[in-house]
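Atoms considered below: every heavy atom in the structure, side chains included; atoms not considered: hydrogens, waters and symmetry mates. Chain identifiers are assigned alphabetically (A, B, ...) following the order of the sequence lines, protein sequences preceding nucleic acid strands; residue numbering begins at 1 within each chain.
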Number of protein chains: 2
Amino acid sequence: MNRKATALDVAKLAGVSRSAVSLVLNGRGDGNVALESQQRIREAAAALNYSPNQIALSLRNRQSRIIGIVSDQVVTSPFDGNIIAGADAVARSHGFVTVVMDTELDTSRDEGAVETLLDRQVDGLMYVTVGLRPLHVPPNMARVPSILANCFDDRPEAGLPSVIPDEVRGGREAAEHVMALGHRDIAFLAGDSLTPAAPRRIAGYRDAFKGAGLPVNEDRVLQVGWDIDAGFHGAMKLLDGVEASTRPTAILCANDRLAIGVVLACYRLGLNVPQDVSVMGYDDEFRVAKAMVPALSTMALPLREMGAAAMTALLAEVEAAPNGKNEKNDGGGGTGAEVLVPCRLVVRDSTGPVAAGR
Amino acid sequence: MNRKATALDVAKLAGVSRSAVSLVLNGRGDGNVALESQQRIREAAAALNYSPNQIALSLRNRQSRIIGIVSDQVVTSPFDGNIIAGADAVARSHGFVTVVMDTELDTSRDEGAVETLLDRQVDGLMYVTVGLRPLHVPPNMARVPSILANCFDDRPEAGLPSVIPDEVRGGREAAEHVMALGHRDIAFLAGDSLTPAAPRRIAGYRDAFKGAGLPVNEDRVLQVGWDIDAGFHGAMKLLDGVEASTRPTAILCANDRLAIGVVLACYRLGLNVPQDVSVMGYDDEFRVAKAMVPALSTMALPLREMGAAAMTALLAEVEAAPNGKNEKNDGGGGTGAEVLVPCRLVVRDSTGPVAAGR
DNA sequence: TTGAAAGCGATACCAG
DNA sequence: CTGGTATCGCTTTCAA
């Protein structure tokens with residue numbers, strides 16, 4: 001059992017020609033190959049544990065059934081990873097395999113990664129980023145059907161199609177959730193503006209106020225960063241030494257780590273969550289949001305769905321494209337389309353009704 | 001610029017034969033091809049932006065320069081991901097590419113994943129798990145050089161080589177760190193025993209006590225789980241309503257999320273970290289340990305190093321193996337070897353000297 | 001109904 | 001020094 005069996009081995013064992021084997025195993029046996037032979041071929045294939053060499057197939061068919069994924073920083077983040085997982089599941093169900101090249105945030109490696117993938121004859125390309133952001137699309141991506149996930153083409157004219165979360169709506173619905181609980185003095189702790197995610201979520205927050213006919217108190221919007229300590233210090237600024245009647249009753253955070261920091265600060269100040277202040281996260285980070293004390297209400301980022309949606313769209317284009325030849329790439333697949341995937345409100349224990357009298 | 005240029009295109013443009021192109025572009029031109037032709041060939045290649053079709057190469061050379069990685073659950077964890085990142089970086093530097101198949105913790109998919117990879121003619125295989133654990137190695141992995149990262153062969157006799165963290169030593173050094181700070185009443189909050197990581201770290205903790213000539217108080221060792229809430233409740237059990245003189249002065253956690261829970265509990269009880277109690281994490285989780293308030297002292301898991309070490313060992317075997325043929329697989333690469341990679345102590349702000357009088 | 005032959009793209013050997 | 005030819009494993013005409 002050294003080398004894998006080839007179609008020739010099967011043919012020999014069954015006493016027929018390679019062509020017959022090929023026909024039968026690809027379902028085109030009936031009407032071309034004697035039933036008796038078909039039977040023998042199938043038995044032989046099973047006996048030898050035969051499965052075709054994908055490399056040879058790729059060469060022959062001029063399509064590799066490989067989708068290349070270029071990632072910002074797949075590895076260290078539960079974010080990218082989930083997008084890729086969603087994408088990969090869809091790819092697998094179509095008989096494709098994905099190979100991902102991680103640039104580790106070094107954009108100068110973009111082109112090289114794409115080139116490597118192209119040399120491997122990938123049938124399609126997906127670019128995935130950890131955080132939502134505009135992307136300077138590597139020019140050579142245009143050579144095969146491509147799509148962007150969690151990022152969008154930075155060229156003004158319509159570029160590559162992309163799938164991104166509906167951050168504005170997410171921000172709005174988060175605010176609406178606490179408003180429904182009676183809160184009116186609501187702070188928003190966002191990261192920096194390095195990613196459009198923060199501004200968009202803040203825009204949604206403003207929309208909610210507008211929708212409720214309330215003014216936005218600009219002092220309540222703090223762009224502090226994305227980590228636990230930023231949340232902690234942001235909350236301290238909002239709460240420490242401020243008398244109960246004038247502090248915000250709810251704090252919306254742009255991610256779950258910020259929310260951890262906020263809760264930490266509350267505890268340190270002897271404040272209870274959600275009785276004294278409601279806290280909301282964003283992302284629904286795995287193993288974090290659900291396990292916090294108290295469990296975090298949050299806005300789940302539809303990562304897997306985004307990956308799946310992007311891959312579905314991409315494969316549609318790949319499979320439509322004339323075998324191995326590049327389509328003209330000017331109309332195919334709705335070039336430039338931007339798909340917005342909604343976030344999902346997850347209500348847990350860190351948000352509650354506003355305290356009486358506020 | 002529709003189809004990629006082939007060697008034939010280059011040959012035509014340069015007015016030579018394919019063979020000449022092949023020789024020159026593979027550095028075997030001198031002494032075989034006229035210098036003048038070489039020049040023309042190189043120019044033609046550059047003009048056409050030629051690079052060889054890896055698929056054709058793979059078929060021809062019977063080696064794909066692809067390493068298959070089967071992962072437990074790459075996606076959602078910063079753990080696996082980092083191992084893969086380390087492995088991938090090494091692979092890339094050797095001109096290999098990795099394709100990872102994620103089984104999402106469904107072991108029944110193991111064999112299928114390996115089979116898919118094998119059909120793609122991978123030159124080697126690596127199995128990566130999120131948590132340290134014994135692995136029932138898919139039998140078909142034996143068909144190509146293989147290695148395990150963060151897991152080990154569950155068969156008693158030496159199976160596949162593996163690279164795992166030195167958890168015992170990690171547990172010991174964590175305990176020694178706080179002992180050096182004067183602590184004697186040290187609690188250990190571990191996850192469950194579903195993974196050998198917890199018992200091993202606890203073993204190390206015991207070693208440290210033995211080394212110091214101190215007895216272990218078994219009530220101080222709690223196996224609670226792996227998440228924030230487990231840490232919170234574990235700490236509450238240890239600290240709530242217990243008078244200062246009889247509570248542990250340091251709490252060692254089996255991961256950083258547990259440590260978050262412990263700090264949360266401390267704050268809730270009005271205790272300061274590290275003044276009242278020192279807290280230590282484990283893993284040095286990205287974006288978490290460093291950003292905690294206070295920043296967590298922790299024992300960094302050498303994830304990237306493990307991935308890199310595993311890939312280095314694997315490639316050594318792959319590249320030693322006679323081109324395309326499987327080596328006999330009984331001696332090659334030190335079968336069954338188990339490499340222990342040490343963890344790295346990271347001292348930050350959550351551990352400090354024991355309070356006076358304790 | 002079956003088998004022989006022509007590629008897919010690249011390399012290596014061997015006459016010329 | 002150079003170019004023809006076999007080969008990798010498979011599919012797909014096309015003749016027999």
Legend entry - Under 4.0 angstrom between A:Tyr50 side-chain N/O and D:dG9 OP1 or OP2: no

Inset, instruction - Taking only the side-chain heavy atoms of B:Ala7 (C-beta and beyond), determine which of C:dT2, D:dC10, C:dA10 contains the nearest atom. - result: C:dA10

Legend entry - Side-chain N or O of A:Asn26 closer than 4.0 Å to phosphate OP1/OP2 of D:dT11: yes

Inset, instruction - Report yes if a side-chain nitrogen or oxygen of A:Ser19 is closer than 4.0 Å to either non-bridging phosphate oxygen (OP1 or OP2) of D:dT11; otherwise report no. - result: no

Inset, instruction - Could you tell me whether the side chains of B:Tyr127 and B:Asp110 share a donor-acceptor contact shorter than 3.5 Å? - result: yes

Legend entry - Any A:Ser37 side-chain nitrogen or oxygen under 4.0 Å from OP1 or OP2 of C:dT2: yes

Legend entry - For atom CG of B:Asn61 and atom P of D:dT7, their distance in whole Å: 16 Å

Inset, instruction - Measure from the side chain of A:Arg60, starting at C-beta and using heavy atoms only, and say which of C:dA10, D:dC10, C:dA12 lies closest. - result: D:dC10

Legend entry - Polar contact flag, side-chain donor to acceptor under 3.5 angstrom, A:Glu115-A:Asn140: yes

Legend entry - Separation of D:dC8 P from A:Leu57 CG (nearest whole Å): 17 Å

Legend entry - Closest to side chain of B:Arg28, choosing from D:dG9, D:dT12, C:dA12: C:dA12

Inset, instruction - Could you check how far CD1 of A:Ile55 sits from P of D:dT11, rounded to whole Å? - result: 14 Å

Inset, instruction - Report the distance from atom CZ of A:Arg120 to atom P of C:dA10, rounded to the nearest whole Å. - result: 14 Å

Legend entry - Whole angstrom value for the distance that separates P of D:dG3 from CD of B:Gln38: 13 Å

Inset, instruction - With the side chain of A:Val16 defined as its heavy atoms from C-beta on, choose the nearest nucleotide among C:dG9, C:dG3, D:dT12. - result: C:dG3

Inset, instruction - Select one nucleotide: of D:dG9, D:dT11, C:dT11, the one nearest the side-chain heavy atoms of A:Ala56. - result: D:dG9

Legend entry - Sidechain-backbone polar pair: B:Gln38 side chain, B:Val33 backbone, donor-acceptor under 3.5 Å: yes

Legend entry - Over all atoms of both residues, closest heavy-atom pair of A:Gly124 and A:Val318: CA-CG2, 4.2 Å

